[in-house]
Amino acid sequence: APDIFRLCAVACMARDNDAGERIRMTAERYRSDYGAGIVLLPGEPLMLSSSEIREGLRSGTDMRAYLPSGVWEICRREGLYQSENCGNAE
């Protein structure tokens with residue numbers, strides 16, 4: 001995990017209403033321990049996992065409503081997450 005914090009900023013959002021405080025505490029720990037650039041996104045929790053977004057992209061489902069327009073365009077243009085094994089952390 002520490003390597004990723006040197007490469008980019010991380011944006012995160014709670015998946016449920018009870019996770020907000022836990023995420024804030026974890027973000028602060030990562031900022032302190034690793035100098036992480038973490039942005040906590042406001043808004044209603046999104047009840048959709050990254051695995052579900054990748055599966056939607058893989059199956060051809062229109063996932064624009066769940067991704068920033070720039071991310072959607074890159075995924076579409078580059079054909080990201082189109083193969084069965086691509087982007088699967090399992």
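Since the structure is predicted, the reported quantities are computational estimates derived from the model, not experimental observations.
- The CD1 atom of Ile4 sits 11.0 Å away from atom OH of Tyr30, with the distance rounded to the nearest 0.5 Å.
- There is no path of hydrophobic side-chain contacts, each under 4.5 Å, that joins Met13 to Trp72.
- In this view, Ser49 and Arg15, Ser51, Glu52 satisfy the side chain to side chain contact (heavy atoms under 4.5 Å, CB included) rule, not counting sequence neighbours.
- Residues forming a salt bridge (charged side-chain N to carboxylate O under 4.0 Å, His left out) with Glu73 (at least two apart in sequence, or on another chain): Arg76.
- Minimum interatomic distance between Tyr81 and Arg54 (heavy atoms only, all atoms of both residues): CE2-CD, 3.3 Å.
- Two residues are said to be in side-chain contact when any heavy atoms from C-beta on lie closer than 4.5 Å; Tyr66 and Val71 fail this criterion.
- In plain terms, the two heavy atoms of Ile53 and Met63 that are nearest each other are CA-CE, 3.7 Å.
- Checked against side-chain hydrogen bond (donor to acceptor under 3.5 Å, both in side chains), Ser69 has no partners two or more places apart in sequence or in another chain.
- Other members of the cluster containing Leu7 do not exist, because no ILVMFWY side chain is joined to it at under 4.5 Å.
- Alongside Met25, the hydrophobic cluster contains no other residue (criterion: ILVMFWY side chains under 4.5 Å).
- Interatomic distance, Leu80 CG to Leu57 CG, rounded to the nearest 0.5 Å: 8.5 Å.
- For Arg24, the side chain to side chain contact (heavy atoms under 4.5 Å, CB included) test picks out Glu21, Leu40, with sequence neighbours left out.
- No option in Thr26, Ile38, Val39, Leu41 other than Ile38 meets the side-chain contact (heavy atoms from CB on, under 4.5 Å) test with Cys12.
- Arg64 is linked by a salt bridge (charged side-chain N to carboxylate O under 4.0 Å, His left out) to Asp62, counting only residues two or more places apart in sequence or in another chain.
- The salt bridge (charged side-chain N to carboxylate O under 4.0 Å, His left out) contacts involving residues 29-39 comprise Glu28-Arg31, where partners must be two or more places apart or lie in separate chains.
- Judged as a side-chain hydrogen bond (donor to acceptor under 3.5 Å, both in side chains), and not counting sequence neighbours, the contacts of Thr61 are Ser59.
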